[in-house]
Amino acid sequence: MSKTNIDEINRNIYDFKNKDEYDFKIKKGLTKEIIEEISEQKNDPDWMLALRLKALEVYNKLELPTWGPDLSELDMNEIATYVRPKSKLNNSWEDVPEDIKNTFDKLGIPEAEKTSLAGVGAQYDSEVVYHSMKQELLDQGVIYTDMETAVREYPDLVKTHFMKCVPIYDHKFVALHAAVWSGGSFVYVPKGVKVEIPLQSYFRLNSPESGQFEHTLIIVDEGASLHFIEGCSAPKYNKVNLHAGCVELYVKDNAYLRYSTIENWSKNMLNLNTKKAIVGKNAKMEWVSGSFGSKISMLYPMSILNGEGAKTEFTGISFAGKGQNLDNGFKVVHNAPNTASVVNAKSISKNGGKCTYRSLVRIGENAKNSKSSVSCESLMLDDISVSDTIPVNDIQTDEVEFSHEAKIGKISDKTIFYLMSRGLSEEDAKAMIVRGFAYPISKELPVEYAVEMNNLINLELEGTIG
Amino acid sequence: MPKIKLNETPVRTSRNFNINNLKLENITVPEEIGEFESVTIQGENLKVDENCSDFEPRFGLSDFFTKQIKENANQKLRLQIDDKTGKEVKIDFDFDEENLSLVENIEIIAKEDAKATVIVKYEAKENLECFHNGRLRVVAEKNTEIHVIFVNFMNMCSSHFMTMENIVAENAKIHYTIVDFGGKNSVTNYSSYLDGNCSENAIDTIYLGKENQLFDLNYIAQLRGEKSNVEMEIQGALKDVAKKHFKGTIDFKKGCKKAKGNENEACMLLSDTAKSIALPMLLCAEEDVEGNHSSSAGKMGEKELFYVMSRGLEKKEAMKLMVRARFHKILEKIENEDLRESILKEMDERLD
């Protein structure tokens, strides 16, 4: 009897690769001289160079995590941390070099910009090659630009927020990021401005044996709102690539931010990303996260609820296939009264893949009348895969309502039998169950990504129930 | 003793979460472990000797505590049970001025088809600074049914360190009821190996913390046998500045087809300075299993408290009643009425 087979995600649309052509590629390794050269290439102000060099010191002092996936194959001496593509920043796709434009065309970015986005940023290797936003948002004072432009044109705003939400001492890869960062997006939404249509930045890493270290800094000022979408992918190479981006989000009092991510890195990528939000009084931060790619992923977005009445939600799914170790999760710290968090995490492991849900809920001493509800579910699709759930719940005061629940299991034979008795084929029944499992997440994704995810799951099902 | 690290979780997580291990400072460990004679053993047809096996625990508290038991135990008890009638065996350790330090190694071998209830109780009533480092190893052979009732009534200035291990064979059932009330530090490393097909382990724990008590409970169940089953039910209450770390791991090993594991941990916070950290882990390397865990924390329900007080009870009495209610479903599984009553009495005294 053959077992039901849910295939790997079809990566054809992501795995195409262009020639490794660039304007400048820094030599491999991580030294003071390399950092200074990156800084010079980027024409950094003095304070940024000082920060980079300080971060390098911190990087050299901090040890690798003593937990989670094995990172021993990462050798920074084999990674080029800065690759400048053969293109300057443009605000028209026509001006983007043909091969790079074709890349983003295949990924559907220009098309999405026309139909469903208020602004787009596109990064290729270490630099942003395209950035554009609708005039009406410009008129309202919204800033959406690449990070380098922001450093030059909005120095005070950047200096007071850059690496402040995520200090360089947080962990080794944050320090690495701060030392070599390049590219990324900066968004400022002025007080009271509601950005109704999402902005999207897309990060593409084409160059082999290199790293991408984009920095995303978003400030949603008081009473304002924004939906920001982040997408990322890379073609597959035989050697390790590294992604150590950093996302810093400031959601001021009464503001709202939804940050959606579809991570679809290639299977040779180490994705060691850091994302954190500081949430003000009565503000709301929503994370929507789909994690499908990478060889190893260690990604734990974090909300710090500093303002009274602040709220956060995390909705995420991970899908680990052959050779993948996706160690993902969420962290929330309740630092003020009447704060609330809701976590809904799901994972699917198959074909030898490993999913780990790792989390922290900390309700501090002054977070009276706070509430937190966590649910995580893991689906095992065969008996060679692994799924772990490692949640820490740290409750430091009594006036709280906290609950956490988790489930691990396989697709129920009874449910498949029931659906088959209603006329569905076994394949359709199983696909329906997997889609249903993922539905609470996919319904939160932007529609084109939801369709994409369903296609990914939809799968080549064959055989009978194992 | 300077700072020590002990009771490591089977899988590490971020150091910033402060849960991978327990760091203790200024633990008073007696330099010389003297005699401990205040022990009574009651039971019929028991085979008791001192020939405990010297298997190293697969987890254990730390090398120091393991070595101390191996080399300096002042009580060694091996009980072989082949009674099939479910009779009760009782082991009492009473600390007093003459018996301040206990380092014991207990091994219970339940022979095939045996059925028994074993009560192990530690009591240090007086205000003496006592030290306890113990090991309880239960080997449940095929088709056995063993109920272990473990009672910690140490006083508030003592240290209580315990390593428990179960090896559970085919169709064997081990049920633990753990009453963990005592010690300024109460540190437990519990591991259960459900190696046999259809083996079962139920763990029901109640803990009660007051003043500056610290509980560090590290429970690990590894399921290897097909259709094996583990059920953890952990209920606790903390008042004053008491603190609890609960680390519960259900580990489905490859091959444990149709195994089930459930873990429910709930902590009632009776003051705004009590602290509860929980790490309920599910590790899974087998597809055909069902694993669930749930964890909750919070104070007593205002409505329930109001209702009980509206019936004429003062707040403290109402609180006691509600803690009792929370613990009831675990305590009712203790058949020995005298023991149950003594636990309720101890609970009331500690909540005063």
> Should we say atom NZ of B/Lys260 is surrounded by more than 12 heavy atoms from elsewhere, each under 6.0 Å from it?
Replying inline: no
>> At a 4.5 Å cut-off on heavy atoms, which part of A/Glu365 comes close to chain B: side chain, backbone, both, or neither?
In response: side chain
> In terms of heavy-atom contacts, does NZ of A/Lys368 have more than 12 from other residues, nucleotides or ligands at under 6.0 Å?
Replying inline: yes
> Atom OG of B/Ser276 and atom CD1 of A/Ile363: how far apart are they, to the nearest 0.5 Å?
Replying inline: 10.0 Å
> For A/Pro391, is it the side chain, the backbone, both or neither that has a heavy atom under 4.5 Å from a heavy atom of chain B?
Replying inline: both
> Has B/Lys5 got more than 12 heavy atoms of other residues, nucleotides or ligands less than 6.0 Å from its NZ?
Replying inline: no
> Between A/Arg358, A/Glu401, A/Lys331, which residue shows the highest count of heavy-atom pairs closer than 4.5 Å to chain B?
Replying inline: A/Arg358
> Could you state the interatomic distance from CG (B/Leu279) to CG (A/Leu360), rounded to the nearest 0.5 Å?
Replying inline: 10.5 Å
> So which heavy atom on B/Asn16 is nearest to which on A/Arg362, and how close?
Replying inline: O-NH2, 3.4 Å
> Counting heavy atoms not belonging to B/Lys258, are there more than 12 under 6.0 Å from its NZ?
Replying inline: no
> With chain A, which of B/Asp288, B/Ile19, B/Asn20 has the greatest number of heavy-atom pairs at distances under 4.5 Å?
Replying inline: B/Asp288
> If you measure from NZ on A/Lys354 to SG on B/Cys284, what distance do you get to the nearest 0.5 Å?
Replying inline: 11.5 Å
>> Quick check on A/Ile384 against chain B: is it the side chain, the backbone, both or neither that has a heavy atom closer than 4.5 Å?
In response: both
>> If you count every heavy atom of other residues, nucleotides or ligands that lies below 6.0 Å from B/Lys257 atom NZ, does the total exceed 12?
In response: yes
> Is there a side-chain contact between A/Asn393 and B/Pro280, using heavy atoms and a 4.5 Å cut-off?
Replying inline: yes
> Does atom NZ of B/Lys329 have more than 12 heavy-atom neighbours, drawn from other residues, nucleotides or ligands, at distances under 6.0 Å?
Replying inline: no
>> Please classify the contact between A/Thr66 and chain B as side chain, backbone, both or neither, with a heavy-atom cut-off of under 4.5 Å.
In response: both
>> Does any backbone or side-chain atom of A/Ser359 lie under 4.5 Å from a heavy atom of chain B? Answer side chain, backbone, both or neither.
In response: backbone
>> For A/Val392 and B/Ile277: C-alpha separation, side-chain torsions, deciding distance, then whether side-chain contact (heavy atoms from CB on, under 4.5 Å) applies.
In response: CA-CA 7 Å; A/Val392 174; B/Ile277 304 184; 4.0 Å; yes
>> In the structure I gave you, are the side-chain heavy atoms of A/Asp388 and B/Val11 within less than 4.5 Å of one another anywhere?
In response: no
> Is B/Lys254 close to A/Asp383 at the side-chain level, that is, under 4.5 Å between some pair of heavy atoms?
Replying inline: yes
> Could you give the distance from NE2 (A/His404) to OG (B/Ser294), rounded to the nearest 0.5 Å?
Replying inline: 8.5 Å
>> With chain A as the partner, which of B/Cys267, B/Ser271, B/Gly255 has the greatest number of non-hydrogen pairs under 4.5 Å?
In response: B/Ser271
>> How about CZ on B/Arg15, more than 12 heavy atoms from neighbouring residues, nucleotides or ligands closer than 6.0 Å, or not?
In response: no
> Do you know which of B/Thr9, B/Asp272, B/Asn262, B/Leu283 has the most heavy-atom pairs under 4.5 Å to chain A?
Replying inline: B/Asp272
> For B/Ala274, is it the side chain, the backbone, both or neither that has a heavy atom under 4.5 Å from a heavy atom of chain A?
Replying inline: backbone
>> Quick check for you: to the nearest 0.5 Å, what is the distance between A/Ile411 atom CD1 and B/Glu287 atom CD?
In response: 8.5 Å
> Got a second to check how far A/Lys410's NZ is from B/Glu290's CD, nearest 0.5 Å?
Replying inline: 10.0 Å
> Can you name the closest pair of heavy atoms from A/Met380 and B/Glu286 and give their distance?
Replying inline: CE-O, 3.5 Å
> Is the CG atom of B/Asp352 crowded by more than 12 outside heavy atoms at less than 6.0 Å?
Replying inline: yes
